[in-house]
A.B. asks: 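Handing you a structure now.
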Amino acid sequence: MSEERICQRCQGTGWILENAGGAQVARRCSCFDDRRKQALFDQARIPRRYQSCRLDNFEVHNDSHKDALKISRQFVKNYPAQDVGLVFIGPCGVGKTHMAVAIIRELIEKKRAVCLFYDFRELIREIQSTFTPDSTLSESDVLNPVFQSDVLVLDELGAKRTTAWVEETVFYIINHRYNHNKMTLFTTNYPDTDEPEDSRESFYKKGGESLVDRIGVRLRSRIYEMCKVVEMEGDDYRKMAKQASYRF
Ligand SMILES: [Zn+2]
């Protein structure tokens, strides 16, 4: 830490000495909590492109957005008193990741919860990379924060096709968190349907694949036990906003 950033109130000790009834008592300086909050943000791994996502700047375009926002606010308000996490389901670009990131940001700000964001593919890749002989990280280096964080966001569930190994690993992670009353927030582009024939609108179809096709029956049923489903609909607002910003 550079010289000028040291707190002037406590000279960086985190404590302030005060006189109370003739005796000196030490109380925490406000910078102590600021540092803790910053450390929580730093370790949450929120991707740069989502850094500015808040519940307050989520754009409501339809009723599903309104409902999702209401549920998300309620989730933050109730935390940690609720039993279930959330799974945001919907097509690309409707704001699922924005919502999940905004929730953990508020949980850090308001409740000082230990939160962690992981893209599903990235997590699998990181665990697999620890198996290579020259890896400097062990499997538990990657998994410990995933197990221990109070709230985990697993973004783009199903984006990587499950192999038996992936399914087993993810089930293990999710089950462990479930058994220890840790909240998990999922997002997925894959529709949830048991129907053999997918009659939904075309943007939901990905070669006819559903969430079950991508992650398997056992994992899907565990996620449903531990999460409330939040369906989000709409156009690809991210793409539309980007296109609108290109001036010709
Ligand atoms: Zn201070």
Side-chain angles (χ1 to χ4, degrees), residues 1-59 68-86 88 95-119 122-123 126-127 130 136-155 173 176-177 180-187:
M1 192 183 277
S2 61
E3 197 71 35
E4 62 274 12
R5 286 174 67 192
I6 288 177
C7 174
Q8 292 307 302
R9 292 184 301 272
C10 67
Q11 278 73 50
T13 62
W15 293 98
I16 289 178
L17 295 174
E18 284 180 337
N19 282 313
Q24 273 209 323
V25 292
R27 68 169 175 84
R28 279 290 182 202
C29 180
S30 61
C31 73
F32 181 79
D33 188 49
D34 293 344
R35 280 205 301 268
R36 167 152 175 77
K37 189 165 73 172
Q38 192 52 52
L40 288 171
F41 277 123
D42 292 345
Q43 73 191 50
R45 298 174 50 113
I46 295 171
R48 191 180 291 270
R49 64 186 289 208
Y50 295 113
Q51 288 287 346
S52 61
C53 294
R54 308 273 193 283
L55 291 179
D56 285 337
N57 65 16
F58 183 81
E59 287 182 30
L69 190 57
K70 193 177 159 200
I71 291 165
S72 299
R73 287 197 199 286
Q74 201 63 38
F75 185 89
V76 172
K77 189 172 171 225
N78 292 348
Y79 182 86
Q82 68 273 66
D83 305 322
V84 293
L86 302 170
F88 294 98
K96 302 180 302 292
T97 305
H98 180 128
M99 208 63 108
V101 166
I103 289 174
I104 59 172
R105 178 170 282 283
E106 293 229 350
L107 288 174
I108 292 171
E109 264 166 19
K110 295 181 175 167
K111 314 260 174 143
R112 300 290 184 268
V114 179
C115 300
L116 186 63
F117 179 99
Y118 254 110
D119 175 271
E122 184 67 23
L123 177 60
E126 280 195 19
I127 298 169
T130 65
T136 52
L137 292 176
S138 70
E139 191 183 1
S140 58
D141 289 334
V142 175
L143 285 180
N144 283 347
V146 174
F147 285 143
Q148 286 159 13
S149 61
D150 298 325
V151 181
L152 171 72
V153 171
L154 213 44
D155 193 38
I173 291 168
H176 186 278
R177 294 185 55 79
H180 291 80
N181 295 319
K182 305 276 193 185
M183 295 288 145
T184 309
L185 308 173
F186 300 91
T187 77

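Counting starts at 1 for both ligands and their atoms, in listed order. In this text the structure is predicted, and so the values were computed from the model without any measurement.
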A.B. asks: Could you give the distance from CZ (Arg177) to CG (Leu154), rounded to the nearest 0.5 Å?
C.D. replies: 9.0 Å
A.B. asks: Which donor-acceptor pairs under 3.5 Å do side chains of residues 139-148 form with protein atoms, sequence neighbours excluded?
C.D. replies:
unit_1: Ser140; atom_1: OG; unit_2: Ser138; atom_2: OG; d: 3.1
unit_1: Asp141; atom_1: OD2; unit_2: Ser138; atom_2: N; d: 2.8
unit_1: Asp141; atom_1: OD2; unit_2: Ser138; atom_2: OG; d: 3.3
unit_1: Asn144; atom_1: ND2; unit_2: Ser140; atom_2: O; d: 3.3

A.B. asks: Please state whether the rings of Phe75 and Tyr79 are parallel, tilted or perpendicular, taking 30° and 60° as the class boundaries.
C.D. replies: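 Rings of Phe75 and Tyr79: tilted, 30 to 60°.
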A.B. asks: Is the cationic atom of Arg27 (NZ for Lys, CZ for Arg) positioned less than 6.0 Å from the six-membered ring centroid of Trp15 and within 45 degrees of its normal?
C.D. replies: no
A.B. asks: Ser72 and Leu55: which non-hydrogen atoms are nearest, and at how many Å?
C.D. replies: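 Heavy-atom minimum between the residues: CB-CD2, 3.8 Å.
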A.B. asks: Which atoms of the protein, restricted to N, O or S, are nearer than 2.8 Å to the Zn ion (ligand 1)?
C.D. replies: Cys7 SG, Cys10 SG, Cys29 SG, Cys31 SG
A.B. asks: Check the pair Asp34 / Gln38 against side-chain hydrogen bond (donor to acceptor under 3.5 Å, both in side chains), numbers first and verdict last.
C.D. replies: CA-CA 6 Å; Asp34 293 344; Gln38 192 52 52; over 6 Å; no
